[in-house]
Amino acid sequence: MQRRRELAGRRVKRGVSRSPWQRWGLRLFIVGVFVAFLVGAFYLVNRGVDWYRGQTATTLTEESQSAPITVTITPGMTAAEIGKLLEERGIIRSSAEFVDLVSSRGSESSLKPGIYRFYKEQKLVEIVEWLEEGKGSPSFKVTIPEGLAISQVAALLDEQGKISGEIYARLAKQPDKFVIPRVGGEKVEVTTLEGLLFPSTYYLIAGEGAVELIGAQLEAFGAKTASLPWNKAQSLGINPYEVVIVASLIEKEVKVAEERPLVAAVIYNRLRADMTLGIDATIRYALNKWTGPLTDADLAVESPYNTRLVKGLPPTPIASPGIEALKAALSPAAVDYLYYVLKDEAGHHFFTSSYEEFLKAKENQPQ
């Protein structure tokens with residue numbers, strides 16, 4: 001019994017007894033593991049903060065360096081056309097997605113024209129919202145009606161108060177300051193921009209003026225008229241620039257759309273017959289007198305624009321013709337008319353090839 005107690009005592013004593021080195025080694029190991037854990041956690045936390053800061057800084061830097069992309073949405077553009085334009089400019093990834101979103105919101109007819117400044121990778125829904133609200137850069141609209149001469153456009157601009165009409169008129173007489181569009185594929189040398197300033201609605205950014213408007217009009221003329229059948233000019237006995245002159249006369253003379261080809265026919269028939277055109281609008285252009293009756297002195301004014309006295313076309317257009325007037329100038333009606341007289345206040349004319357009928361109709365024309 002005594003022996004068992006001694007052995008048990010020894011086993012117990014061996015189980016709890018450790019050397020000083022062993023005790024300190026275990027403690028150091030535990031402390032080391034804990035310190036390593038703290039260091040690792042500190043590194044990960046700070047590494048994560050640095051990474052986040054880096055990502056944020058990169059993003060902000062990219063956004064600050066990303067210049068806005070200016071896009072002009074013109075009146076009448078469909079959602080599909082707008083989507084295609086935005087995709088081509090790299091603003092959106094898919095025009096189809098744009099159209100689908102617009103369709104789902106039922107805003108196909110409420111996308112507003114104007115000048116917008118979008119950013120690459122801008123959210124698609126935000127882009128659509130901007131277009132719905134007309135939210136873009138500060139812009140203003142200028143509408144130039146068909147058939148106005150430069151002097152008339154200048155007066156209109158002064159009335160609107162956005163662009164100086166005086167500067168516009170002065171610049172329009174300095175074609176060398178602008179890129180002149182080709183007319184019917186031909187380069188033209190002109191002394192005035194009359195007739196080449198395409199009538200339409202233009203959107204300009206606040207701060208822009210006559211220079212930008214004229215530039216936009218010239219660019220529009222080139223783009224809008226490029227597909228016209230200019231090859232017909234030769235068979236009509238004139239060059240493409242002279243077609244523009246004829247179109248400007250049509251624009252000033254015609255109020256009823258279907259009469260454009262008829263007036264064109266009268267002009268060409270009189271040119272072939274070596275007659276004066278006798279179009280009083282050219283005299284008004286020479287005098288810059290667009291209202292009120294013409295006096296005998298007015299009708300006798302010495303000017304290359306007085307088509308009562310000078311045969312042939314005037315030297316330049318007398319107004320800015322629209323597409324329909326240009327089409328009529330290229331495709332006159334197949335009639336032998338030489339005269340026309342205003343027959344009612346709505347703007348309808350009486351056409352004839354007989355001088356006697358012309359005189360009779362003239363007696364009854366409205367004053």
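Quantities reported herein were computed from a predicted structural model and do not represent experimental measurements.
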What are the two closest heavy atoms between Val244 and Val183, and how far apart are they?
-> CG2-CG1, 3.8 Å
Side chains of Leu85 and Met77: does their closest heavy-atom pair fall under 4.5 Å?
-> yes
Under 4.5 Å between any side-chain heavy atoms of Pro314 and Ile245, yes or no?
-> yes
Examine distances only and state if a side-chain atom of Lys289 and a backbone atom of Pro293 form a donor-acceptor pair shorter than 3.5 Å.
-> yes
Salt bridge (charged side-chain N to carboxylate O under 4.0 Å, His left out) filter on Asp336, not counting sequence neighbours, yields none
Taking the side chain as every heavy atom from C-beta outward, state whether Thr307 and Leu313 have any atom pair closer than 4.5 Å.
-> no
Can you name the nearest heavy-atom pair linking Val102 to Ala79, along with the distance?
-> CG1-CB, 4.2 Å
Taking C-beta and beyond as the side chain, do Pro315 and Pro304 meet within less than 4.5 Å on heavy atoms?
-> yes
Just wondering, are more than 12 heavy atoms of other shown residues or ligands nearer than 6.0 Å to CD in Glu159?
-> no
When you look at CZ of Arg93, are more than 12 heavy atoms from neighbouring residues, nucleotides or ligands closer to it than 6.0 Å?
-> no
Pairs touching residues 80-89 that satisfy salt bridge (Lys or Arg N to Asp or Glu O under 4.0 Å), sequence neighbours left out = none
Side chain to side chain, Asp298 and Arg308, heavy atoms closer than 4.5 Å | no
Between the side chain of Ser103 and the main-chain N/O of Asp100, is any donor-acceptor distance below 3.5 Å?
-> no
After noting the C-alpha distance and the side-chain angles of Trp230 and Thr225, does the key distance pass the side-chain contact (heavy atoms from CB on, under 4.5 Å) rule?
-> CA-CA 9 Å; Trp230 293 102; Thr225 65; 3.9 Å; yes
Could you go through the side-chain contact (heavy atoms from CB on, under 4.5 Å) check for Arg117 and Ile205 one step at a time?
-> CA-CA 10 Å; Arg117 286 178 173 174; Ile205 297 174; 3.7 Å; yes
Working to the nearest 0.5 Å, report the span between CG of Leu111 and CD1 of Ile127.
-> 12.0 Å
Would one find more than 12 heavy atoms of other residues, nucleotides or ligands at under 6.0 Å from atom CD of Glu219?
-> no
Does Tyr268 reach the side chain of Val246, with side-chain heavy atoms less than 4.5 Å apart?
-> yes
Do Leu359 and Leu277 belong together in a cluster built from hydrophobic side chains that touch within less than 4.5 Å?
-> no
Between CD1 on residue Ile150 and CG on residue Asn288, distance to nearest 0.5 Å = 11.0 Å
What's the spacing between Glu356 CD and Lys360 NZ if we round to 0.5 Å?
-> 11.5 Å
Is there a chain of hydrophobic side chains (I, L, V, M, F, W, Y, each step under 4.5 Å between heavy atoms) that links Ile267 to Met275?
-> no
Any side-chain heavy-atom pair from Ser320 and Phe221 closer than 4.5 angstrom?
-> no
Kindly check if the number of other-residue, nucleotide or ligand heavy atoms within 6.0 Å of CD (Glu258) is above 12?
-> yes
Under 6.0 Å from the NZ atom of Lys255, do we count more than 12 heavy atoms belonging to anything else shown?
-> no
Donor-acceptor contact below 3.5 Å, side chain Gln174 vs main chain Arg170 | yes
Got a sec, which hydrophobics cluster with Leu287, joining ILVMFWY side chains under 4.5 Å apart, including via others?
-> Ile283, Leu294, Leu299, Val301
According to a 4.5 Å side-chain heavy-atom criterion applied to Ile, Leu, Val, Met, Phe, Trp and Tyr, with indirect links allowed, do Leu249 and Val310 form part of one hydrophobic cluster?
-> no
To the nearest 0.5 Å, tell me how far Asp274 CG sits from Thr276 OG1.
-> 9.5 Å
Side-chain donor/acceptor of Ser107 to backbone N/O of Ser110, under 3.5 Å = no
Criterion side-chain contact (heavy atoms from CB on, under 4.5 Å) on Val190 and Tyr241, from CA distance to verdict | CA-CA 9 Å; Val190 296; Tyr241 183 67; 3.7 Å; yes
Taking all heavy atoms of Ile163 and all of Ala210, pick out the closest pair and write down the distance.
-> CG2-N, 3.5 Å
Could you tell me if the ring centre of Phe140 sits under 6.0 Å from that of Tyr203?
-> no
Tell me, please, which residues at least two apart from Tyr285 pass ring-ring contact (aromatic ring centres under 6.0 Å, His included).
-> Tyr305
Should the pair Arg105-Glu132 be classified as a salt bridge under the 4.0 Å nitrogen-to-oxygen rule?
-> yes
Report yes or no: does Lys173 contribute a side-chain atom to a donor-acceptor pair with the main-chain N or O of Thr191 at less than 3.5 Å?
-> no
Scanning both residues in full, the closest heavy-atom pair of Pro261 with Ala257 reads CD-O, 4.2 Å
Run the side-chain contact (heavy atoms from CB on, under 4.5 Å) check on Ile238 and Val243 step by step: do they pass?
-> CA-CA 7 Å; Ile238 59 177; Val243 170; 3.6 Å; yes
Measure the CD-CD1 distance between Glu251 and Ile318 for me, rounded to the nearest 0.5 Å.
-> 10.0 Å
Any side-chain heavy-atom pair of Ile180 and Leu193 under 4.5 Å = yes
Partner set under ring-ring contact (aromatic ring centres under 6.0 Å, His included) for Phe118, not counting sequence neighbours | Tyr116, Trp130
Could you state the interatomic distance from CG (Leu218) to CG (Leu213), rounded to the nearest 0.5 Å?
-> 9.5 Å
Between the side chains of Asn306 and Ser303, is a donor N or O closer than 3.5 angstrom to an acceptor N or O?
-> no
Main-chain N/O of Leu157 paired to Gln160 side chain as donor or acceptor, under 3.5 Å = no
Measure the acute angle between the ring planes of Tyr339 and Tyr355, then classify it against the limits of 30° and 60° as parallel, tilted or perpendicular.
-> tilted
Counting N and O atoms only, with roles assigned by atom type, does the side chain of Glu259 sit under 3.5 Å from a partner on the main chain of Val256, one being a donor and the other an acceptor?
-> no
What one should report as the nearest heavy-atom pair of Ile250 and Ala325 is CD1-O, 4.0 Å
Using only heavy-atom distances, determine whether the side chains of Thr201 and Thr143 contain a donor-acceptor pair under 3.5 Å.
-> yes
Decide if atom CD of Gln234 counts as having more than 12 heavy atoms of other residues, nucleotides or ligands within a radius under 6.0 Å.
-> no
Verify same cluster id: Val341, Ile279 (apolar side-chain graph, 4.5 Å) | no
Mind listing the closest non-hydrogen atom pair of Ala233 and Pro240 along with its distance?
-> CB-N, 4.2 Å
Under 3.5 Å donor-acceptor, Glu212 side chain and Gly209 backbone = yes
Ion pair check, Glu324 and Lys327, cut-off under 4.0 Å | yes
Name all residues meeting the ring-ring contact (aromatic ring centres under 6.0 Å, His included) criterion together with Phe351; count only those two or more places apart in sequence or in a different chain, and write none if there are none.
-> Tyr337, Tyr340
